[in-house]
Amino acid sequence: MLKAYSVTNIMINIVLFGPPGSGKGTQAQNLIEKFNLKQISTGDLFRFNMKNDTELGKLAKSYIDKGELVPDQVTTDMLIDEIRKPSDAAGFIFDGYPRTAVQTEALERIVKEELNDEIDVCLSLVVEDTILVERLLKRGEISGRSDDSNVEIIENRIKEYYTKTAEVAELYKQQGKYVEINGVGDINEISEKLFAEVEKVK
């Protein structure tokens, strides 16, 4: 059992990166338990707002129904709403956001204005493509997910991930906040490496 981090008035704000199959979901959960964080996933935000028919959900759906991309501002407003919800968390993990340079700047502004804080570190799980493909194919056998059963689709998803995150990674590198962690090996050992990086920034 992972020992929980004592809640202080010091907040920890993490951007978590990891391609499909990198184990990001598992490691996010371990970071949440260890440091008492709240995870904000853009995928979850969209699902919540659309399912609950919020104004932002309706707005997002109007674009999706037309086959258009949802504007950054809609996603950003969902993020602000989520941050403003009462919570006893000692910080946040941002998952799936930011994906572009514009979103990176927006997130920095939000964290500064809403939390009077900043992003402390961008943690990126690194796994070789061949291992990612193997992991996802194995997951597909168990889950039956079609997007985890086709090598070509898997490779495209991985490629898309790298394309999307490249400019964001570069911005955090320039700030000295970008840290790569080897995502291959024992799950607990990988967690300990992530924990050590978080401990450095607070």
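What you see is a predicted model, and the numbers here were worked out from it, not measured in a lab. Computed from heavy atoms alone, side chains included, the values below leave out hydrogens, waters and symmetry copies.
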Legend entry - Distance-only side-chain donor-acceptor flag, Q103 / E167, under 3.5 Å: no

Legend entry - Cationic tip of K164 above Y162 ring, under 6.0 Å, 45° of axis: no

Inset, instruction - Using the rule that two of Ile, Leu, Val, Met, Phe, Trp, Tyr join whenever any of their side-chain heavy atoms come within less than 4.5 Å, decide whether L137 and V184 are in one cluster. - result: yes

Legend entry - Shared hydrophobic cluster, V179 / F195 (ILVMFWY, side-chain heavy atoms < 4.5 Å): yes

Legend entry - Contact summary for L16 and A28, nearest pair of heavy atoms: CD2-CB, 3.6 Å

Legend entry - Lys/Arg N to Asp/Glu carboxylate O, R99 vs D72, below 4.0 Å: no

Inset, instruction - Could you tell me the separation between the OG1 atom of T165 and the CD atom of E160, rounded to the nearest 0.5 Å? - result: 10.5 Å

Legend entry - Spacing of NZ belonging to K138 relative to CG belonging to L136, to within rounding of 0.5 Å: 11.5 Å

Inset, instruction - Classify the side-chain pair T75/Y97 by whether it contains a donor and acceptor separated by less than 3.5 Å. - result: no

Legend entry - cation_pi(K177, Y172) dist<6.0 Å, angle<=45: no

Inset, instruction - Report yes or no: does R135 contribute a side-chain atom to a donor-acceptor pair with the main-chain N or O of G21 at less than 3.5 Å? - result: yes

Inset, instruction - Run the salt-bridge test on D117 and K112 with the 4.0 Å N-O cut-off and return the result as yes or no. - result: no

Legend entry - Contact summary for T100 and V168, nearest pair of heavy atoms: N-CG2, 3.5 Å

Legend entry - Side-chain H-bond candidate by donor/acceptor type, Q73 with D77, under 3.5 Å: yes

Legend entry - Rounded distance (nearest 0.5 Å) linking atom CD1 of I93 with atom CD1 of I40: 10.5 Å

Legend entry - M78 reachable from V102 in the ILVMFWY side-chain graph, under 4.5 Å edges: no

Legend entry - Intermediate values then yes/no, salt bridge (Lys or Arg N to Asp or Glu O under 4.0 Å), R157 and D148: CA-CA 10 Å; R157 281 166 62 204; D148 282 346; 2.9 Å; yes

Inset, instruction - Kindly give the heavy-atom pair with the smallest separation between A89 and L37, and that separation in Å. - result: CB-C, 4.0 Å

Legend entry - Donor-acceptor pair between S191 and N30 side chains, under 3.5 angstrom: yes

Legend entry - Side chain proximity check, E134 to E128, heavy atoms < 4.5 angstrom: no

Legend entry - Backbone N/O of G91 and side chain of N36: donor-acceptor pair under 3.5 Å: no

Inset, instruction - For the residue pair L56 and D81, establish whether any side-chain heavy-atom pair is separated by less than 4.5 Å. - result: yes

Legend entry - Crowding at CD, E152 (>12 non-hydrogen neighbours, <6.0 Å): no

Inset, instruction - Would you indicate whether N116, at its atom CG, is surrounded by more than 12 heavy atoms from other residues, nucleotides or ligands within a distance under 6.0 Å? - result: no

Legend entry - Salt bridge flag under 4.0 Å for residues K58 and E55: yes

Legend entry - Student check: side-chain heavy atoms of N13 and E118 closer than 4.5 Å: no

Legend entry - Residue among D120, V201, V198 satisfying side-chain contact (heavy atoms from CB on, under 4.5 Å) with I14: V198

Legend entry - Whether over 12 other heavy atoms sit under 6.0 Å from E114 CD: yes

Inset, instruction - Run the salt-bridge test on K159 and E155 with the 4.0 Å N-O cut-off and return the result as yes or no. - result: no

Legend entry - Euclidean distance, I158 CD1 relative to S22 OG, rounded to 0.5 Å: 9.5 Å

Inset, instruction - Take atom CD1 of I153 as the centre, draw a 6.0 Å sphere, and report whether it contains more than 12 heavy atoms from other residues, nucleotides or ligands. - result: yes

Inset, instruction - Specify the closest pair of heavy atoms between V15 and F17, including all atoms of both residues, with the distance to one decimal. - result: CG1-CE2, 3.8 Å

Legend entry - Linked, directly or transitively: L69 and Y161 (ILVMFWY side chains, under 4.5 Å): no

Legend entry - T54 side-chain N/O to M50 backbone N/O, donor-acceptor pair under 3.5 Å: no

Inset, instruction - Determine, step by step, whether I154 and L132 satisfy the side chain to side chain contact (heavy atoms under 4.5 Å, CB included) criterion, reporting the C-alpha distance in whole Å, the side-chain angles of both residues, the deciding distance to 0.1 Å, and the verdict. - result: CA-CA 9 Å; I154 289 171; L132 292 173; 5.9 Å; no

Legend entry - Heavy-atom check, side chain of Y178 versus side chain of L171, under 4.5 Å: no

Inset, instruction - Determine, stepwise, if the pair R139 / R145 fulfils side chain to side chain contact (heavy atoms under 4.5 Å, CB included). - result: CA-CA 8 Å; R139 188 171 81 181; R145 277 177 56 169; 3.6 Å; yes

Inset, instruction - May I ask you to decide if K24's main-chain N or O and Q29's side chain share a donor-acceptor pair within less than 3.5 Å? - result: no

Inset, instruction - State plainly whether the residues E197 and K200 are in salt-bridge range, i.e. N to O under 4.0 Å. - result: yes

Legend entry - hydrophobic_cluster_shared for I187 and V126, side chain cutoff 4.5 Å: no

Inset, instruction - Mark yes or no: K85 above the aromatic ring of F92, with NZ or CZ under 6.0 Å from the six-membered ring centre and no more than 45 degrees from the axis. - result: no

Legend entry - Closest approach of A60 to F46 (non-hydrogen atoms, all atoms of both residues): CB-CE2, 3.8 Å

Inset, instruction - Please tell me if the side chains of T104 and I119 come closer than 4.5 Å, counting only heavy atoms from C-beta onward. - result: no

Inset, instruction - Go through the steps to decide whether F94 and T42 satisfy the test side chain to side chain contact (heavy atoms under 4.5 Å, CB included), and finish with yes or no. - result: CA-CA 8 Å; F94 296 96; T42 44; over 6 Å; no

Legend entry - Gap separating the CD1 atom of I190 from the CG atom of L194, nearest 0.5 angstrom: 8.0 Å

Legend entry - Verdict with reasoning, N188 to E192, per side-chain hydrogen bond (donor to acceptor under 3.5 Å, both in side chains): CA-CA 6 Å; N188 290 332; E192 289 301 331; over 6 Å; no

Legend entry - Interatomic spacing from CG in L123 to NZ in K193 - rounded to 0.5 Å: 13.0 Å

